[in-house]
Amino acid sequence: RTIGDRLSVLRMALRDAKMAGVIEESPFDTPLPRRRTKQGRREVQSKRVTFRPLVAAEIAAILEACRSPRTSTEKLYFPITEHLVLTGLRFGEVAGLIWPDVSKSGGVLWVRRARPHYGQATEEEATKTGADWRLPIVGPLADHLASQRAVSQLGRTNSWVYPTRAGTPIHYRNWRRRGWVRVLARAKVTPREGDAQKALRRSYIISSLVCGRNPKEVAAELGHATARMVTDNYDAFMDPANWPDEAERARLRSLYGWGSTAAKPTTARI
């Protein structure tokens, strides 16, 4: 709407200039394509419903690669990849974690800030929704954070959970090239459409829904105030008729730590 308002003013100014003979023609003489058409909306909806998530075997292969780095570069970038797989958080939210955000005794992880994809290493911004929230540290995520704390020389201070060798947060472009692409090659998994973090985020949401988790609970873990985003965009995966067999769902629950013995998530917002 804002863009349309600005273009309307510009269109009228150029029209008057053309009528006054100041210019011969206006770029608005050729109608602009509509930003969103009915066909476009149908294509977007179709893409949302037909997105091919990572299956349990692919997730297991990715996690196995993340947990067995071979070089110093892989040791730097693979841990943050594992965190993204296990939580479905955005890259900037994970890159912005510091150790005080990890409540070891309380069993919760606080998401309070984000790192921009592009910019200086010192830049920091609020989360995309502008809110802070927490998610439970259970199962594989608890083991992963314990391992990351053990290898971090500054694990008991205000340092970043996933720092570079210089002690700064990991940059998105470096992670995508040296972390995500290498993990996929090691795991022999075909990349999905869109950027890497969205593929992991979508797979996390879809895996949650096909395992029968509450959409509001899933939305809260991802920082949304309501479940509307989940229910609107992933409605097809809420139908049990579209769920995989029980063996696949049981493996997904095990990989993400949603087993019956796992602690019940406490995703209260602040």
Side-chain angles (χ1 to χ4, degrees), residues 54 59 62-63 65-67 69 73-104 107-119 121-149 151-152 154-155 158-184 194-205 207-208 218-224 255-257 265 267 269:
L54 296 167
I59 296 171
I62 290 174
L63 289 175
C66 289
R67 293 164 183 169
T73 298
E74 292 180 352
K75 290 179 180 179
L76 181 66
Y77 292 101
F78 280 17
I80 192 172
T81 307
E82 182 177 352
H83 193 126
L84 291 166
V85 173
L86 295 175
T87 61
L89 294 174
R90 300 178 183 89
F91 176 84
E93 295 164 352
V94 177
L97 291 174
I98 58 177
W99 282 111
D101 297 330
V102 182
S103 177
K104 188 175 181 181
V108 293
L109 178 71
W110 296 94
V111 181
R112 295 188 171 104
R113 71 195 64 78
R115 308 295 302 181
H117 280 195
Y118 306 99
T122 56
E123 293 182 10
E124 183 178 305
E125 57 189 23
T127 61
K128 185 175 181 179
T129 59
D132 299 349
W133 71 94
R134 64 181 183 178
L135 60 153
I137 302 177
V138 295
L141 179 60
D143 296 337
H144 166 69
L145 288 173
S147 300
Q148 184 66 13
R149 185 185 291 271
V151 300
S152 175
L154 303 174
N158 291 348
S159 67
W160 307 104
V161 175
Y162 302 101
T164 63
R165 296 183 183 91
T168 58
I170 291 178
H171 198 280
Y172 174 78
R173 286 180 295 185
N174 292 337
W175 164 75
R176 191 182 188 283
R177 183 174 66 254
R178 301 170 184 171
W180 179 238
V181 173
R182 291 194 186 190
V183 166
L184 289 180
D195 62 24
Q197 67 161 11
K198 287 186 178 179
L200 295 177
R201 189 175 179 84
R202 288 170 175 170
S203 295
Y204 181 88
I205 295 173
S207 297
S208 297
V218 177
E221 290 179 359
L222 300 176
H224 293 276
L255 290 170
Y256 285 107
T267 54
R269 296 171 61 85

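Computed over heavy atoms, backbone and side chain alike; hydrogens, waters and symmetry mates excluded.
- For the pair D132 and W110, the minimum side-chain heavy-atom distance is 4.5 Å or more.
- The line from CZ of R149 to NE2 of H144 is 12.0 Å long, rounded to the nearest 0.5 Å.
- Between P140 and R67, some side-chain heavy-atom pair lies under the 4.5 Å cut-off.
- Checked by atom type and distance alone, the side chain of W180 never pairs as donor or acceptor with a backbone atom of W175 at under 3.5 Å.
- At least one donor-acceptor pair under 3.5 Å links the side chain of R201 to the backbone N or O of G88.
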Original post:
Do V151 and K75 pass the side chain to side chain contact (heavy atoms under 4.5 Å, CB included) test, and can you show the C-alpha distance, the side-chain angles, and the key distance before you say yes or no?
Top reply: CA-CA 10 Å; V151 300; K75 290 179 180 179; over 6 Å; no
**OP:** Tell me, with the steps shown, if Y77 and V183 meet side chain to side chain contact (heavy atoms under 4.5 Å, CB included).
**Re:** CA-CA 9 Å; Y77 292 101; V183 166; over 6 Å; no
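- The side-chain heavy atoms of L89 and H83, taken from C-beta on, include a pair separated by under 4.5 Å.
- For the pair L97/L109, a side-chain contact is recorded, criterion being any heavy-atom separation below 4.5 Å from C-beta on.
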**OP:** Run the numbers on I80 and F91 for side chain to side chain contact (heavy atoms under 4.5 Å, CB included), then give the verdict.
**Re:** CA-CA 9 Å; I80 192 172; F91 176 84; 3.7 Å; yes
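- Considering CZ of R112 and CZ of R134, their distance stands at 10.5 Å, rounded to 0.5 Å.
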Original post:
T87 and L141: side chain to side chain contact (heavy atoms under 4.5 Å, CB included), yes or no, with the steps?
Top reply: CA-CA 8 Å; T87 61; L141 179 60; 3.8 Å; yes
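- Of the possible donor and acceptor atoms, one in the side chain of Q148 sits under 3.5 Å from a partner among the backbone N and O of V161.
- Considering only heavy atoms from C-beta on, T81 stays 4.5 Å or farther from R182 through its side chain.
- Considering all non-hydrogen atoms of both residues, L54 and S207 come closest at O-OG, 4.4 Å.
- In this structure, the side chain of T168 does not engage the main chain of T164 through any donor-acceptor pair within 3.5 Å.
- Looking only at side-chain heavy atoms (C-beta outward), R165 and T73 come within less than 4.5 Å of each other.
- Looking at E221 and Y204, their side chains do bring a donor and an acceptor atom within 3.5 Å of each other.
- Annotation: side chain of I170 is not in contact with side chain of V94 (no heavy-atom distance under 4.5 Å).
- Separating the CD1 atom in I62 from the CG atom in L86 is a distance of 11.0 Å, to the nearest 0.5 Å.
- Not a single donor-acceptor pair under 3.5 Å links the side chain of S208 to the backbone N or O of V218.
- Side-chain contact between R90 and Y172 is absent, with no heavy-atom pair separated by less than 4.5 Å.
- One N or O on the side chain of D101 and one on the backbone of I98 form a donor-acceptor pair closer than 3.5 Å.
- Shown here for W133 and E93, the closest heavy-atom pair between the two residues is CH2-OE2, 3.4 Å.
- Taken to the nearest 0.5 Å, the NZ atom of K198 stands 13.0 Å off from the CG atom of L200.
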